[in-house]
Amino acid sequence: MALNKDSARIILKRRRGKLSERDRAFAALKLGANIAAFFDAKHLPDTAVVGAYWAMTDEIDPRPALASLISSGATVAFPCVHENRRMEFYHVPAQDLDREPLPPFLVDPARSFPPSSCKGLRHIAPDELDVLLVPGLGFDRHKTRLGYGAGCYDRYLARIPERTLVVGIAFDQQLCDELECEEHDRKMDFLLTPNVLI
């Protein structure tokens, strides 16, 4: 029987929260290696345009993976949520990721920001993305994603072309057998964790 979304959010948030800092760091490194291997296996170009994310709260940290992609020549873009929960992606140059202050939407990804917060950054249109790396609270083995409830990714996923590879990213502990799936929920094309590729 599928877990309903409210119950699943409680269970999966608790599971993720129990991971130690050491386990998180090790998982992030393994995930980075797996993402690099995934790109190779799918013959994605070094210059791919990748929609990524900056980890908030206790999400798995994609930075080891992003460092590898950027050094290979990929363009990496990050989401900024504007009014009405509309999400757009912006390219943050690699050198700016090592500077202070960071763009505000990286420091606090859970908040909404006006478009002026992204002034000077190149907007990446949905149809420019080759790959979209998607975080979440949990995923099931049918590639259903459980988000945080705001619907930002649901609306964005409806705007990207079919050719864009949509890859769910998570800790192993965020996988479950079956989640409630609604008609508007777009399944991931692939799921990647430190130890699993589905």
Side-chain angles (χ1 to χ4, degrees), residues 5 31-32 34-56 59-60 62-63 65-94 97 103 105-106 109 112-113 115 117-118 120-170 174 179-193 196-198:
K5 292 186 177 184
L31 178 73
N34 286 354
I35 288 176
F38 174 80
F39 269 62
D40 286 343
K42 296 299 173 189
H43 305 293
L44 292 162
D46 290 342
T47 55
V49 180
V50 181
Y53 67 96
W54 201 258
M56 64 178 186
E59 288 176 338
I60 193 165
R63 283 180 293 179
L66 302 184
S68 174
L69 293 174
I70 290 168
S71 68
S72 297
T75 296
V76 175
F78 297 91
C80 180
V81 177
H82 298 312
E83 61 184 351
N84 300 322
R85 310 302 292 171
R86 182 178 174 87
M87 193 164 70
E88 298 292 345
F89 278 76
Y90 296 88
H91 175 228
V92 180
L97 296 174
F105 58 88
L106 293 185
S112 293
F113 292 91
S117 301
C118 306
L121 299 176
R122 182 163 77 87
H123 175 248
I124 302 293
D127 62 3
E128 291 182 73
L129 293 174
D130 296 304
V131 182
L132 181 61
L133 305 179
V134 182
L137 267 177
F139 299 88
D140 72 15
R141 298 186 182 277
H142 307 289
K143 305 187 187 86
T144 304
R145 172 183 178 266
L146 177 70
Y148 296 90
C152 297
Y153 271 99
D154 291 327
R155 289 188 289 275
Y156 193 80
L157 287 168
R159 297 167 56 202
I160 63 172
E162 286 293 321
R163 67 166 187 81
T164 301
L165 286 181
V166 180
V167 184
I169 301 294
Q174 293 175 259
L179 291 165
E180 180 183 7
C181 185
E182 298 179 57
E183 191 175 336
H184 66 269
D185 291 331
R186 174 167 169 177
K187 291 183 183 286
M188 305 292 98
D189 296 318
F190 298 94
L191 291 181
L192 262 176
T193 76
V196 175
L197 166 61
I198 300 175

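Note that this is a predicted model, so its numbers are computed, not measured. Side chains are part of it too, since the values below use all heavy atoms of this structure and drop only hydrogens, waters and symmetry mates.
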Nearest 0.5 Å, please: how far is [atom2] in [Y] from [atom1] in [X]?
X    : Y    : atom1 : atom2 : value
I160 : Y153 : CD1   : OH    : 10.5 Å
L31  : L133 : CG    : CG    : 8.5 Å
L132 : I124 : CG    : CD1   : 12.5 Å
L179 : R145 : CG    : CZ    : 11.0 Å
K5   : T144 : NZ    : OG1   : 9.0 Å

So, do [X] and [Y] sit near enough that their side-chain heavy atoms are less than 4.5 Å apart?
X    : Y    : value
L44  : L165 : yes
L66  : F78  : yes
P135 : M56  : no
E59  : W54  : no
F105 : V81  : no

Non-hydrogen atoms of [X] and [Y] that approach each other most closely:
X    : Y    : answer
V134 : M188 : CB-SD, 4.1 Å
I70  : A94  : CG2-CB, 3.6 Å
L157 : R186 : O-NH1, 3.4 Å
C118 : C80  : SG-SG, 3.6 Å
G136 : Q174 : O-NE2, 2.8 Å
A52  : V76  : CB-CG1, 3.8 Å

Keeping [X] on the side-chain end and [Y] on the backbone end, is there a donor-acceptor pair under 3.5 Å?
X    : Y    : value
R155 : R85  : yes
D189 : V166 : yes
N84  : R86  : no

Qualifying side-chain hydrogen bond (donor to acceptor under 3.5 Å, both in side chains) pairs, either residue in residues 120-138, two or more places apart: E88-H123, R122-E128, D130-R163
Any pair counted as side-chain hydrogen bond (donor to acceptor under 3.5 Å, both in side chains), so long as it reaches residues 65-83, sequence neighbours left out: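 For residues 65-83, and leaving out neighbouring residues, the side-chain hydrogen bond (donor to acceptor under 3.5 Å, both in side chains) pairs sorted by first residue read H82-Y90.
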Mind listing the side-chain donor-acceptor pairs of residues 34-43 below 3.5 Å, one per line with the distance, residues two or more places apart or on another chain?
{"unit_1": "N34", "atom_1": "ND2", "unit_2": "T193", "atom_2": "O", "d": "3.0"}
{"unit_1": "N34", "atom_1": "ND2", "unit_2": "P194", "atom_2": "O", "d": "2.7"}

Parallel, tilted or perpendicular, as decided by the 30° and 60° cut-offs, for the rings of Y156 and F89: tilted
Evaluation steps, side-chain contact (heavy atoms from CB on, under 4.5 Å), between L192 and F139: CA-CA 10 Å; L192 262 176; F139 299 88; over 6 Å; no
